[in-house]
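The next block holds one structure in the form of structure tokens; read it before the comments.
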Protein chains: 2
Amino acid sequence: MAKRATIGDVAATAGVSTATVSRVLNGGTVAAATAARVWDAVARLEYTPNALTKSIFAGHSSTIGVVIDDLSSPFYLDLIRGIDEVAAANDSLVMFASTFRQADREVAQVRAMDEQRVRGLIVTTGEATDGRTRRMAEGGTPCVIIARTVEDPPSGMHSISLDNLQAGRLAAAHLVECGRSSVGVLISQNRSSQSRPSQTERTAGLRHGLAERGLPLPEGAVATATTESDVGDAIDSLLAHVRDSGKPLDAIVCMTGRLTVAAHSALAARGITIPDDIAFLTMDEFAWAATLGITVIAQPSYLMGRRAAELVVERPTTPVQLVFEATLLARTSCGEQHTGLR
Amino acid sequence: MAKRATIGDVAATAGVSTATVSRVLNGGTVAAATAARVWDAVARLEYTPNALTKSIFAGHSSTIGVVIDDLSSPFYLDLIRGIDEVAAANDSLVMFASTFRQADREVAQVRAMDEQRVRGLIVTTGEATDGRTRRMAEGGTPCVIIARTVEDPPSGMHSISLDNLQAGRLAAAHLVECGRSSVGVLISQNRSSQSRPSQTERTAGLRHGLAERGLPLPEGAVATATTESDVGDAIDSLLAHVRDSGKPLDAIVCMTGRLTVAAHSALAARGITIPDDIAFLTMDEFAWAATLGITVIAQPSYLMGRRAAELVVERPTTPVQLVFEATLLARTSCGEQHTGLR
DNA sequence: CTGAAAGCGCTAACAG
DNA sequence: CTGTTAGCGCTTTCAG
């Protein structure tokens, strides 16, 4: 296990001082001949500079930290892809941690990122980490909160989210245009039984949109699932509730992309046909949606990732709150659209 | 932008030396009363230790590096999930970089990981990076190559791969059991027109398996695609070739999970029905495979990720070469199985 | 049990 | 253009 060469070793074999080596490595003014000798020594010793040590001078590393609650959602994959591309274009690496959807892990991971002195932090965590991210932002580490907004953010603390109300309204409009009138909603919650504000906002938007068209969305028409295996029960409760209240359920909207597969197969397992028996509408575009004919409300996740990373790189001083519009990608899972019916 | 507290600040406000602070933080022998004062100072100053500085003593960081060529493949997502879980269980973070499937980026990213003094490195890169990973391994940074084996690895250099020949044979057996006899193969290559050895091995396995059953797999029955948009052309060439050679194509096997969606929709776009017109078999399990009835040859990607991370954590001194078996997940995309026909 | 002092590998003035 | 001299924030002997 050969010892690693240090800048001192390079300096010694090149017959110069460490300062000179540092200069040729980082582009200072050095005589061509000297530089050549140094490069030669670098090559011969296979010297690889220690980025860690460099960082302690810069005050922070060149890495962008990302804390994600759950990799399973198609939303996050594209988000990461967007972040990664911007990072690569800026000689940054991405340091990644997932929280397995547990609140206590969220604060541990954010803390770990802070200890690593990341150049900036992008998180999809809940309020529990706000204390630390605020402090980080105040301390000069730009932080970007994804899918949530924060009250009174300090300088350096930004947020990127979807216009969830608009997304909900979009769903309502589409469903009504497809002639549906009795809709059930599926939302997810984390292990601490907290449903994410984004999903409740979408539900609120849906409720507004429905109300504008004279349709109700009673509390009982909203079911919650924590894991994929809960989804079946949630769907059953939806079916039962609406049956009790008279009109049979004719549409289900899944408020999180993470549960799309589970919801879709739960429906299939119950012999329910899409869209004949029930219309199916879900969040987040995914690779097979077109093939399956599933209509989705898409977030521009890739773009959101890029923007997040750009905020980290560009470090605007004023807090930036970016809100993106959702797009309806209409396919066949909600049945025929009867436009101009209103 | 408040300055960050250093260990010196903590020492000063607690009225002790930095050595003592270091001791209470890292669990040395300190009087309870002193420790209490230190913790108090830590809390009051919101002191967050600098992991970077710590690492320069350890000689390396506590981060596991991962270099992936392409996030789009379902294989990699699960691999990362496995790595991430082991990392989390070992107080490690995961540093991630993707190469966008370009060889030059591969060496740049591996180099970057080396500069970051990662605790260990997990890569899916090609031979171009072997020089560096060998040196890293010799220098004491465990390196794990995924989906490829290396000749004569030094101590600390490991590999994790699939038994690609067996995977190919599995495909042959299944296809023949389903009564198919004229199969076409789709493989992918990177931007430098290199097809990955794993895929050519799978093809070889398929060829063997077919030959054992008296069926040929001519060179022309293997088509290559670089990007998703090439897939249509590749499929067309397969269709054309086999038509020329007499027997109409009755099966297509896609040797990479990355192109599954593209291949599947290319078939649909040409009005080809699965499995009636053509059997469809692909690599890597994915969320919608069951719903779509697509038969796949699955790699234990999650487990492979875990093992890779475990090799980094446990640093065995002898080179470890792990080869995993592929599993056939039979669904309906190859038609009816006529077992016992042989 | 605790402090002083010497570094880890590198950069950043400041002279020369 | 280049070497010397301080550090960066932290750990780690080695005395006391």
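Among the protein residues, Ser22(B) comes within range of the nucleic acid bases, having at least one heavy atom under 4.0 Å from a base atom.
There is no side-chain donor-acceptor pair under 3.5 Å between Arg148(B) and Ser159(B). A side-chain donor-acceptor contact under 3.5 Å links Asp70(A) and Ser72(A).
One finds no salt bridge joining Glu138(B) and Arg135(B) here, because no Lys/Arg side-chain nitrogen approaches an Asp/Glu carboxylate oxygen to under 4.0 Å. Using a cut-off of 4.0 Å between Lys/Arg side-chain N and Asp/Glu carboxylate O, Arg81(B) and Asp78(B) are scored as salt-bridged. Checked for salt-bridge contact, Arg191(B) and Asp69(B) miss the test: no charged N lies under 4.0 Å from a carboxylate O.
Nearest heavy atom pair, residue Phe324(A) against residue Arg307(A), reads CZ-CG, 3.8 Å.
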- Going 5' to 3' through nucleotides 2-7 of chain C and flagging B where a protein heavy-atom sits under 4.0 Å of the base, S where only the sugar-phosphate is that close, and - otherwise, we get BBB--B
- Item | Full working for salt bridge (charged side-chain N to carboxylate O under 4.0 Å, His left out) between Asp114(A) and Arg4(B) | CA-CA 11 Å; Asp114(A) 195 8; Arg4(B) 262 177 190 288; 2.6 Å; yes
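One can place CG of Asp9(B) at 10 Å from C1' of dG9(D), the figure rounded to the nearest angstrom. Residue Gln116(B) contributes atom CD, which lies 17 Å from atom P of dG9(C) at whole-angstrom precision. Atom-to-atom, CD of Glu115(A) to P of dG9(D) comes out at 16 Å; the value is rounded to the nearest Å.
For Gln116(A) (side chain) and Leu52(B) (main-chain N/O), no donor-acceptor pair under 3.5 Å exists by modelled atom type.
Contacts between residues 37-56 of chain B and DNA chain C, defined by a heavy-atom separation below 4.0 Å, involve Ile56(B), listed by number.
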